[in-house]
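These numbers come from a predicted model, not from an experiment.
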Protein chains: 2
Amino acid sequence: MKGRVLVVDDDAALAEMLGIVLRGEGFEPSFVSDGDKALDAFRDTRPDLVLLDLMLPGADGIDVCRRIRAESGVPIVMLTAKSDTIDVVLGLESGADDYIVKPFKPKELVARVRARLRRTDEPTPEILQIGDITIDVAGHSVKRLDETINLTPLEFDLLVALARKPRQVFTREVLLEQVWGYRHAADTRLVNVHVQRLRAKIEKDPEHPEIVVTVRGVGYKAGPA
Amino acid sequence: MKGRVLVVDDDAALAEMLGIVLRGEGFEPSFVSDGDKALDAFRDTRPDLVLLDLMLPGADGIDVCRRIRAESGVPIVMLTAKSDTIDVVLGLESGADDYIVKPFKPKELVARVRARLRRTDEPTPEILQIGDITIDVAGHSVKRLDETINLTPLEFDLLVALARKPRQVFTREVLLEQVWGYRHAADTRLVNVHVQRLRAKIEKDPEHPEIVVTVRGVGYKAGPA
DNA sequence: GTCGCGGGTAACCTTCCGATAATCCCGATA
DNA sequence: TATCGGGATTATCGGAAGGTTACCCGCGAC
């Protein structure tokens, strides 16, 4: 079973206890005490599960939870000081999968961690990033800085095809084959039309595209440079 | 101690014996003989432990085990006809917690069942939250801000299936398989109707759904964005 | 029996999307 | 500046996808 667990908590004594318990059960814990550093730590360690204290210095637990959830579907278990209903609701709304009220029995914690890990045999959801556009492939959702953008199925597929290999140029023929499934298409101008529609929705300034860029004489690519 | 035990076995004589033994020890057994019906029975009875025969008509034991494990951390004890190593390995890999080789002594079975139940420090109450809808899976209850909403079993299963992976899109085919158990269904419009009925009950404004959202050309998902 | 309820089937309506085609724009080159 | 080619833009139409409603069937309660 996978076992990397990131513990985000500023209580040193508690963190030490968690370390002993988790290691004893075969997990590999890593630790960070500051909310602001949690996201960096998450990116570095890519844990299989996050244990997150609600009360933190720096960014608070709910904020951290949302940020992690924005870029990963990793299981998140919240630690809360008391059974405050509001906290619980907020925690779940912000994307946590479970919560444990302090004080808790080590066995209970381990049981919940195991339970969460068991149902995460799927790889973490695929999130693509181009400029300030974020794409959640499994959720078929596209955002610019938390602002949801509505794309048609075709527009979405087109964007994903480009974004999966950023900076690589795709000819119209290749796009027609990958996105439309047309082989040996004669007329490729169809691509132009849909690139245009896509730009109208996702570009800040459609006159000067930064997400889907034209490479004259060749085709299109995602991102600059 | 909790004691609901679901027995999945097609051997009527064995099932009867198990029933007598389990009842005699204070458990509440329920029975299903067909692998295909096991998952439905599991969802209906919400047992505290599952006794699962490896050889079954319909879906086989390993398949059933995986499906149950996909939606619950309930302890699963396998019954195997002979000490076939491959079967044992497969069984444990598919998520079973223990196995017993037939023929076995009733006392041994009871001992293992007790051991497994002891180790289940109360199953984590699975609470799902989508918008202002709260779902208590074990309690089969759905609320909007302390207001109880009455759902039919099918509607409930549909909602839970979606809510277990918020923001992830499910195609109608997948929903038909997960919720209805239909495999390779031809006509998927059935899903539309029940999504519609579900929305009428749980959405504040069914015209503009926020809990169960359509993703055109793909399917449905729980929650926004 | 019959009443009510849950669930499946089907018909109809509405909305939306994607392909085609026609036109415009712009930059490069002579 | 005239011309040409590649790309951008816009309008329109047919069809597909989803929503909505009505009806039917089966089953359990009474």
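Taking 4.0 angstrom as the limit, B:T214 places none of its side-chain polar atoms (N or O) nearer than this to OP1 or OP2 of D:dA17. Here B:T152 reaches the OP1 or OP2 of C:dG7: one of its side-chain N or O atoms lies under 4.0 Å away. Close to D:dG5, at under 4.0 Å from its OP1 or OP2, lies no side-chain N or O of A:R216. The shortest distance between the side-chain N/O atoms of B:R172 and the OP1/OP2 oxygens of D:dG18 is below 4.0 Å. Close to C:dA19, at under 4.0 Å from its OP1 or OP2, lies a side-chain N or O of A:W180.
To the nearest angstrom, C1' of D:dA8 lies 14 Å from NE2 of A:H194. In this entry the distance linking CG of A:L190 with P of D:dA8 reads 14 Å, nearest Å. Note: CG (B:N192) to P (C:dC12) measures 17 Å, nearest angstrom. Here C:dC17 presents its C1' atom at 16 Å from CD of A:Q196, a figure rounded to the nearest Å. Atom CG in A:N150 sits roughly 12 Å away from atom P in C:dG18 (whole-Å rounding). Distance CG (B:L176) to C1' (C:dT9): 14 Å, rounded to an integer number of Å. Between the CZ atom of B:F170 and the C1' atom of D:dG18 there is a distance of 19 Å, rounded to whole Å. Taking atom CG of A:D157 as the reference point, atom C1' of C:dC17 lies 13 Å away to the nearest angstrom.
Nearer the 5' end of DNA chain C, as judged by each residue's closest nucleotide, is the contact made by B:E155, out of B:V193 and B:E155. Place B:D187 and A:D187 on DNA chain C by their nearest nucleotides, and B:D187 ends up nearer the 5' end.
Here C:dA19 is the nucleotide among C:dA19, C:dG8, C:dC17 with the atom lying nearest to any side-chain atom of A:L154. Closest to the side chain of B:Y220, out of D:dG6, D:dG19, C:dG6, is D:dG19.
Listed for the B:Q178 side chain is no donor-acceptor partner under 3.5 Å among the backbone atoms of B:A161.
Ion pairing between a basic and an acidic side chain is recognised when a charged N comes within 4.0 Å of a carboxylate O; B:E155 and B:R197 show no such pairing.
B:R189 comes within contact range of no nucleotide atom at all, as no heavy-atom separation falls under 4.0 Å.
In this structure, CZ on B:R144 lies 8.0 Å from CD1 on B:I202, to the nearest 0.5 angstrom.
Exactly one residue among B:T188, B:D187, B:N192 makes a side-chain hydrogen bond (donor to acceptor under 3.5 Å, both in side chains) with B:R172. That residue is B:N192.
Residues A:V213 and A:R199 are not in side-chain contact: their nearest non-hydrogen atoms beyond the backbone lie 4.5 Å or more apart.
A donor and an acceptor atom never sit less than 3.5 Å apart when one is taken from the side chain of B:R197 and the other from the base of D:dG19.
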